[in-house]
Number of protein chains: 2
Amino acid sequence: MEKFGAGVYGDVPELFQDRNSVQSQVHQQHVASDIAYMAFEGGYKPALRRLDRGAFLYRPSDAFKCLYSIRCGFLKTSFGDVEGHDQVTGFHMSREILGLDGLGHQHHKHSAVALEDSEVYAISYAQLEKIGRSVPQVQQRMQEILVCEIARTHDMMLLLGSLHAQERLATFLINLSERFMLRGYSGSEFILRMTRQEIGSYIGLKLETVSRIFTRFHDKGLIDVRQKYISIIDLRGLKHILKPLH
Amino acid sequence: MEKFGAGVYGDVPELFQDRNSVQSQVHQQHVASDIAYMAFEGGYKPALRRLDRGAFLYRPSDAFKCLYSIRCGFLKTSFGDVEGHDQVTGFHMSREILGLDGLGHQHHKHSAVALEDSEVYAISYAQLEKIGRSVPQVQQRMQEILVCEIARTHDMMLLLGSLHAQERLATFLINLSERFMLRGYSGSEFILRMTRQEIGSYIGLKLETVSRIFTRFHDKGLIDVRQKYISIIDLRGLKHILKPLH
DNA sequence: CGATATATTGATTCGCATCAAATTTAGTGG
DNA sequence: CCACTAAATTTGATGCGAATCAATATATCG
């Protein structure tokens, strides 16, 4: 059980090469997450877990034991575990942290499902707490992650409470785009891993509405959309939808 | 500068007599907040700040320096500082913590206004961090507070994303009722400190709709409502609105 | 290749927003 | 304390945006 062995864990550090550049990025979703790396440096080896598309990372009935740092892939979290009839609480990609819903509870409150084949590091929360006691940066990082999640949900409250359908979907697309870009993927062309229904659930609309607005954006020349494939043609135009008056 | 002097700070401990009973209460809003007491025990004296009705505790332009534990009174937090044209993010009462929106930033992101004459303990965040390094319970408490806020906002996402106007208002009333009860006030009779407009902003409705639904609840015999005064007559009936089918 | 999810598109309904006016309450200065 | 003014609430009439219902088309998977 060597501390810095190769194999499954050998590539942990590589994952976090750009962690400093991310530091400054405040808005939306805990991109943080060198927490897995920190735990690693603290002498704890996060376990790698592979998930096939459709596989659950956890469900509400599961005991809360770990936080998860996404290595690659794409997941959704939602209230309830019935496929389709649930309220989506977030979509998550690499370097984001999952499992926060279990903090302070015995069991998870949400479920997390892989929307494409994914890999996550499972970090024992008990271990993380222990490391946190001696490494203040871990504590601090942990807090940053929580604060980012609060900021994200506050933004969602704003979106759900006061934006129109068009504005919601525009916000959603722009947010996705930015997050892909931050990860070195194209911000203007990407594949939607989730269904219209899941998008709708997340931003408080029905799937038909989501579909209609996609075609409306298409007709306005803002995006190109063919099922899961999205290409953002006029980002400025999309952003303009968010501020109707000037 | 005696550690446990009387006067403004003399009554800090009294405030937290029931802190253990609160421990177990998980849902909604960080009722936590013996954090002020903990800071006090850690040798730091939170400053008491009095606010007249209508006074701002902080605005987005203010530098983030402190967290605030409400001693008494009633506050609202919102995005933007223009009175009336803002999105309300929460209503807060005694023993809840304000100012979390400033964490990780130089300035506050929200504003906090007193909706009745209020008193809060201002806890220097720098001090709190310092104490936290030596007193693990403070760190832990801090984390609990953040986790509660996440839970609250997730619940709000659910409410804003999928509930009808009636369900939203019923949820709102029940939540208020429970929080008043927890504080030893009547859970069935209370005064609304906020306007219809502010309620609407919080739960994603217009003031007219809030007003209409109040009278609808009244007509159904669920509540008695006369402007700011609310009396919950049929709690079971109110709760029944939340689960239409069984 | 057939069977099952997922998307698109159309027709219609309904809930809430909007616009507008009347009523009540709170706040202010004489 | 009262008259006056501004703010908040209630209530009604109307319109719009998104939900719902329904049918077809397209993709995905065994």
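Quick caveat, the model's predicted, so the values are computed rather than measured. Within every chain, numbering begins at 1; the chains are lettered A, B, ... in the order of the sequence lines, protein sequences first and strands thereafter.
- Atom OH of A:Tyr185 is surrounded by 12 or fewer heavy atoms from other residues, nucleotides or ligands within 6.0 Å.
- In this structure a side-chain-to-backbone donor-acceptor pair under 3.5 Å is present from B:Arg196 to B:Gln227.
- Across all strands shown, B:Thr195 has heavy atoms under 4.0 Å from sugar-phosphate atoms exclusively, and none from any base.
- In this pair, B:Phe74 and B:Phe91 present their aromatic rings parallel. The plane angle is below 30°, not in the 30 to 60° band.
- Look at CZ on B:Arg226: it is 13 Å from P on D:dT11, rounded to the nearest Å.
- For the pair B:Leu169 CG and C:dG15 P, the computed distance is 17 Å after rounding to whole Å.
- Ring planes of B:Phe79 and A:His154: perpendicular class, angle over 60° (limits at 30 and 60°).
- Residues B:Arg193 and B:Leu75 fail the side-chain proximity criterion, which asks for heavy atoms closer than 4.5 Å.
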Reading 5' to 3' through nucleotides 14-30 of chain D, protein heavy-atom contacts under 4.0 Å coded B for base, S for sugar-phosphate only, - for none: ----SSBB-----S-S-
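- As rounded to whole Å, 17 Å separates atom C1' of C:dC16 from atom CD1 of B:Ile199.
- Atom CZ of B:Arg193 is separated from atom C1' of D:dA8 by 16 Å (rounded to the nearest Å).
- One finds the CZ atom of B:Arg212 at 11.5 Å from the CG atom of B:Leu205 (value rounded to the nearest 0.5 Å).
- Between A:Thr215 and C:dT9 there is a side-chain polar atom (N or O) within less than 4.0 angstrom of OP1 or OP2.
- The overall bend of the helix from C:dC1-D:dG30 to C:dG30-D:dC1, read as the angle between its terminal helix axes built from five base pairs each, is 60° when rounded to 10 degrees.
- In this structure, A:Tyr229 places its OH atom 18 Å from C1' of C:dA7, rounding to the nearest Å.
- Partner A:Phe217 forms a side chain to side chain contact (heavy atoms under 4.5 Å, CB included) with one of A:Leu238, A:Val225, A:Asp224 and no other, that one being A:Leu238.
- Rounded to a whole Å, the CZ atom of B:Phe214 is 13 Å from the P atom of D:dT11.
- With rounding to whole Å, B:Asp52 atom CG is found 15 Å from C:dG27 atom C1'.
- With rounding to whole Å, A:Leu115 atom CG is found 11 Å from C:dT6 atom P.
- Listed for the B:Tyr58 side chain is no donor-acceptor partner under 3.5 Å among the backbone atoms of B:Phe64.
- Residues meeting the side-chain hydrogen bond (donor to acceptor under 3.5 Å, both in side chains) test with B:Ser186, sequence neighbours left out: B:Ser188.
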